[in-house]
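A quick write-up on the structure given underneath.
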Amino acid sequence: MQLSLDNIFKNYIQKDDIFQNKELLLTKYRPENLPHREKEIKTLGSILAPSLRGEKPSNVFVYGKTGTGKTAVTQYVCSKLEEVAMNNGHEVRIIYLNCKMRKVADTEYRLLAKLARELGRDVPPTGLPTDQVYEIFFEAVEDKKRMVILILDEIDIMVEKTGDNFLYNLTRMNEDLENSKISIIGISNNLSFKENLDPRVRSSLSEEEMLFSPYNALQLQDILKSRAEKAFKPGVIAEGVIEKCAALAAQEHGDARRALDLLRVAGEMCEREGSKRVEERHVDMAESKIDMDRILEVVRTQPRQSQAVLWSILKLKENGGNEVQTGDIFSVYEKVCRNSGLAPLTQRRVSDLIAELDLLGIINARVISKGRYGRTRTITLGVSEPILEKIKNTLVSEFYFE
DNA sequence: AGTCCACAGGAAGGGCAGGCGA
DNA sequence: TCGCCTGCCCTTCCTGTGGACT
């Protein structure tokens, strides 16, 4: 065992590496230039430019599908702005917050605490009244004369979780600030999310709006080519590979992130195989691997109760249940809990867990009415057979079912 | 037209953990 | 130590619902 592992490591070191700089293909990498986004960069730049004269720029609402460059463009423009401001003796402070991150934007308190910490204040994870945290944040902003630009990425998720109270207070904050000014850039994938906002918040958040349209396949090819040139060694990529990654990502609403992931994982598959050339079949392998990894990670990190519900659904499906319904799931779930030493939750709670699994894309739940036989959810599985097998293998050691 | 089923899903609140200030 | 605050997970209670059946 030890010996074969030694061999793997030794081979890896000796092997001809196909990558030159893999970092360039990671989504967190911020490139120096953003092809096909020149117009957006200029627009956002001119919206934010007043901050260089100490004037408050308009709040901006940026929307578009995932992987269309919203975050990249915003961060690019803001970092340049920060640089220019510093050289001209103004202070512009950029705070970037990804609201999708767990334990960051789930509650108003956490949001404020995070922002206050970004400005150098110490706020405990819980314990203080929210008003007090507002005050701490307010004081931190007001601390010196400066412009604070707050980038709220995935703002729709924040509003979904905490409501729009936070945004309302933030947009009103400028009325009380004397030294500083604060502007908000809200980024969202969800085009319709604004409809549910308080009208006052909506109008003040959308002083300016920018829509990022999806990249087409040709634009994606450009992006991939420019990155691949530096990320891979010359001649490593076979003809058609970049075109295939671009085409697959273009099918999925022109997502550049997806395209880059495909190319990177295809490279990794090729490397692992010991090949010296990335070919189209590696892209196919990459596509299924990315899907599988994502879902397995989600399943693994679910709470045990949620896993028990999923396991019950799998067992019902295995026993030939085509039309799996909430009631059936609940009875199997109770049995699973009994056999596994888990305290069963109520049907109400299980119903919520089913809805969460639906949201995660592992199952598809549809509410249907069966007339006098009641209203229920019918559940189908949202993943392919090979992934299903992997999920079962992950859960089989946790739960028992006779 | 009215009834009824089997839930969906909203609202309220309990209990616990983590933390603060007095 | 105590009272108070927050977040989180959960239960209890309740109203709403679409369509088959009477």
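Naming: A, B, ... by sequence-line order, numbering from 1 per chain. These numbers were taken from a predicted model, which means no experiment stands behind them.
Counting only distance, with no hydrogens or angles, the side chain of Lys70(A) and the backbone of Lys65(A) share a donor-acceptor pair below 3.5 Å. Although no hydrogens or angles enter the test, the distance criterion places no donor-acceptor pair under 3.5 Å between the side chain of Glu252(A) and the main chain of Ala259(A). Using modelled atom types, one side-chain atom of Glu207(A) and one backbone atom of Asn59(A) make a donor-acceptor pair closer than 3.5 Å.
Checked against dT22(C), dC7(B), dG9(B), the side chain of Arg372(A) finds its nearest nucleotide in dT22(C). Distances from the side chain of Gln305(A) to the nucleotides dG9(B), dC10(C), dC7(B) place dC10(C) closest. Side-chain atoms of Arg348(A) lie closest to dA11(B) of the nucleotides dC7(B), dC9(C), dA11(B). Nearest nucleotide to the side chain of Tyr373(A), out of dC21(C), dG19(C), dA8(B): dC21(C).
Here dG14(B) presents its P atom at 20 Å from CG of Leu345(A), a figure rounded to the nearest Å. At whole-Å resolution of the value, CZ in Arg377(A) and P in dC5(B) are 21 Å apart. Whole-Å rounding puts the Tyr134(A) OH to dT6(C) C1' distance at 14 Å. dA8(B) atom C1' lies 12 Å from atom CD1 of Ile379(A), rounded to whole Å. Remark: P of dC8(C) and CG of Asp352(A) are 15 Å apart, rounded to the nearest angstrom. Put simply, OH on Tyr333(A) is 11 Å from C1' on dC10(C), counting in whole angstrom units. Atoms CZ (Arg349(A)) and C1' (dA8(B)) sit 15 Å apart, rounded to a whole Å. Between Lys114(A) atom NZ and dT6(C) atom C1' there is a gap of 19 Å when expressed in whole angstrom units.
Applying the 4.0 Å criterion to OP1 and OP2 of dG9(B), one finds that Arg375(A) has every side-chain N and O outside that range. Listed pair Ser351(A) / dA8(B) meets the phosphate criterion, a side-chain N or O lying under 4.0 Å from OP1 or OP2. Using a 4.0 Å cut-off, no side-chain N or O of Tyr109(A) falls inside it from OP1 or OP2 of dC5(C). Look at Thr346(A) and you won't find any side-chain N or O under 4.0 angstrom from OP1 or OP2 of dC10(C).
Judged by distance alone, the side chains of Arg377(A) and Ser351(A) do bring a donor and an acceptor atom under 3.5 Å apart.
Nearer the 5' end of DNA chain B, as judged by each residue's closest nucleotide, is the contact made by Lys370(A), out of Lys370(A) and Ile354(A).
Judged by a 6.0 Å distance limit and a 45° cone about the ring axis, Arg37(A) is positioned over the six-membered ring of Tyr215(A).
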